[in-house]
Amino acid sequence: GLCFAAWHLHTPQHDAGVGGQLRANSNRGATAAKGSAGRAWGSHHALGPPVHIVLCTDDTDLRALLVAIKTAIATAEDPRRFVFHVVTATELAPLFDALLRLHVKGVTVQIHHDPQVEARIKAMVPYKAASSTTVRAGLASPFNFASFFLHDYFSEAIDAKSLDKVIVLDTDVVVRGDLAELLDVDLAGQAVAAVKDCKTRYEDVFNLPEIAKFSSSGLEPRECVLQRGVHVVDVLRWRERDLASKVEVWLRRFRDAEDILWHEGFAQPAWLLAVDGSYKELDPLWNCYNLGKPTSNYEEAAAVRRMGFDHKALLYDLTIALSKKYGTMKPFVSTCAPAAKLLHFSGELKPWLAEVWLPRTPAPVCFIPLDLKIPNRTGPEYMTVLHGETQRLVRCYELWWVHLNIDEDCSLKDLEKEWVEDEQMWHDELKRDLKAKKEAAELKKQEMEAKKKQEEEEAEKAKKEGKSKEDDAQKKAQEPEPEDVQESPDGFGDEDEEEDASAGNDGEE
């Protein structure tokens, strides 16, 4: 009842004031707060230059967005410098404004929306369902690509002139360092700065022969990828180098290609191809990624094995399953969490949806400091000894849930969406059953038709054989009957007797 009341209170139809004003305003730009010209809410009283942080989402479950903002504020030396730019759909802007206003205090938050830009993105990135790709349909949301077009969304934002450098965050993160540090990173003339991931290579992501058809230089198969869960963008250089257009080109190629151009992700590969190796590398501590990944690939598993684990420690202490065929591990094991400045729950196992996937999928596990306190921990913890030192691991989603209280969970969880997803699952299950029944009925029909055809062919064959016999009988009946010949007593006819007589005469002569 509590969760229902909290969610229902803040749906757009119960926030007509904000929603009505937004619909009356221009479709472009940031949302208005109480109709003010400032179009933002929060505090500007900071000691240093503003730190612009961008998050793009159209997910109506706002728990992830809140945790990302809350943890960024909690770990900042001066959070009053922070300006959070939330880019979303126009129809969701009133809801986002109302709920974030309720839960985020002491910082500036701007809600941006532009239906024209959104429609433009949708047109270039339709979901391409291919059996040989692991692209998830959810990654085709236009707001997975919105950060490429910030200059369009920010054209009317407050402090637009200071938006020369921005920090872009995915919403599935927990911030543990001061994001202001990233503002001070010297990009060395590059448009982008991000963390390099050498456990994933270009050959793992791209269909290299297909990419080569569009690129004369081709790609280096063993090149490390970049992780964009957190990255810094020099907005001016991004525009000068027309990187947004390059992203668009690759997205259209992906859309129109006969074969897939990449196997994993959606926005990330196009972004990698546009950046084309021209980037500034960030400290790896700024992106401890894959905390929502089900399985460690060979290179990730090898890194864990090289730490000094034997089979017993992995199997019995940590309950990790090791594939004898491929050398992969399940669940995913993260070793970077203890010192990380940012935890990135990239992958399909999102912590706020654990109740959905946990019954059927083992949760990724993370190394953590021995003295780290996790109140209200719901899952087990694991202890093992490595090089004489005790190591502690927990399910990674615990490191996310400690930042959300029960009121926030209830208020920001999209209960309607939760039932919609269940209903969709039931609908899909029913469709599968109906499809299976239809296919079974079609197969039975085909079998009956085949049997009927066989019977008809056999009947036709029998009919033809019968007709042939009848024709033979009629033909025989129409033939002239031979004259009656009187048989001699010894059984020979007159002709035989004549032949014998003739033979006798010849002999006499």
Side-chain angles (χ1 to χ4, degrees), residues 28-30 48-56 72 81-87 110 112 114 117 120-121 124-125 142-170 173 177-197 202 214-215 217 219-220 223-253 265-284 286-287 341-342:
R28 182 182 294 274
V51 179
H52 294 281
I53 303 163
V54 178
L55 302 105
C56 306
R81 295 176 59 191
F82 287 2
V83 181
F84 291 95
H85 301 269
V86 179
V87 180
Q110 297 180 26
H112 303 268
D114 189 328
V117 178
R120 173 183 161 200
I121 298 172
M124 75 178 78
V125 289
F143 297 94
N144 198 27
F145 307 83
S147 63
F148 305 146
F149 307 97
L150 296 181
H151 49 282
D152 293 321
Y153 279 107
F154 290 172
S155 59
E156 297 183 15
I158 295 175
D159 295 331
K161 292 182 179 179
S162 68
L163 281 166
D164 56 340
K165 185 186 289 186
V166 299
I167 300 163
V168 181
L169 295 181
D170 281 359
V173 301
D178 188 352
L179 289 174
E181 294 177 18
L182 295 178
L183 191 68
D184 298 329
V185 172
D186 181 5
L187 299 190
Q190 302 292 354
V192 173
V195 172
K196 183 186 288 188
D197 170 14
Y202 275 10
F214 302 100
S215 174
S217 58
L219 297 178
E220 172 54 47
E223 178 69 25
C224 302
V225 304
L226 293 179
Q227 289 288 340
R228 57 186 284 268
V230 55
H231 61 283
V232 183
V233 178
D234 185 318
V235 179
L236 295 178
R237 287 195 174 93
W238 180 270
R239 295 190 68 177
E240 287 172 359
R241 298 176 186 179
D242 202 19
L243 292 178
S245 295
K246 293 180 181 179
V247 170
E248 285 191 53
V249 167
W250 281 109
L251 289 174
R252 294 185 190 281
R253 286 172 175 170
F266 208 156
Q268 170 122 337
W271 178 74
L272 287 171
L273 291 167
V275 172
D276 195 22
S278 297
Y279 62 90
K280 171 73 174 181
E281 188 175 349
L282 289 180
D283 187 329
W286 276 110
N287 199 341
K341 294 183 178 182
L342 183 137

Please tell me if the side chains of [X] and [Y] come closer than 4.5 Å, counting only heavy atoms from C-beta onward.
X    : Y    : result
K246 : L273 : no
I121 : F143 : no
W271 : H231 : yes
Y279 : K196 : yes
L150 : V166 : yes
R228 : V168 : no
D283 : V185 : no
R120 : F149 : yes

Can you name the closest pair of heavy atoms from [X] and [Y] and give their distance?
X    : Y    : result
Q190 : R237 : O-CD, 3.7 Å
C224 : D197 : CB-O, 3.5 Å
K165 : L183 : NZ-O, 3.2 Å

(message) Using 30° and 60° as the class boundaries, would you call the ring planes of F148 and F145 parallel, tilted or perpendicular?
(response) perpendicular
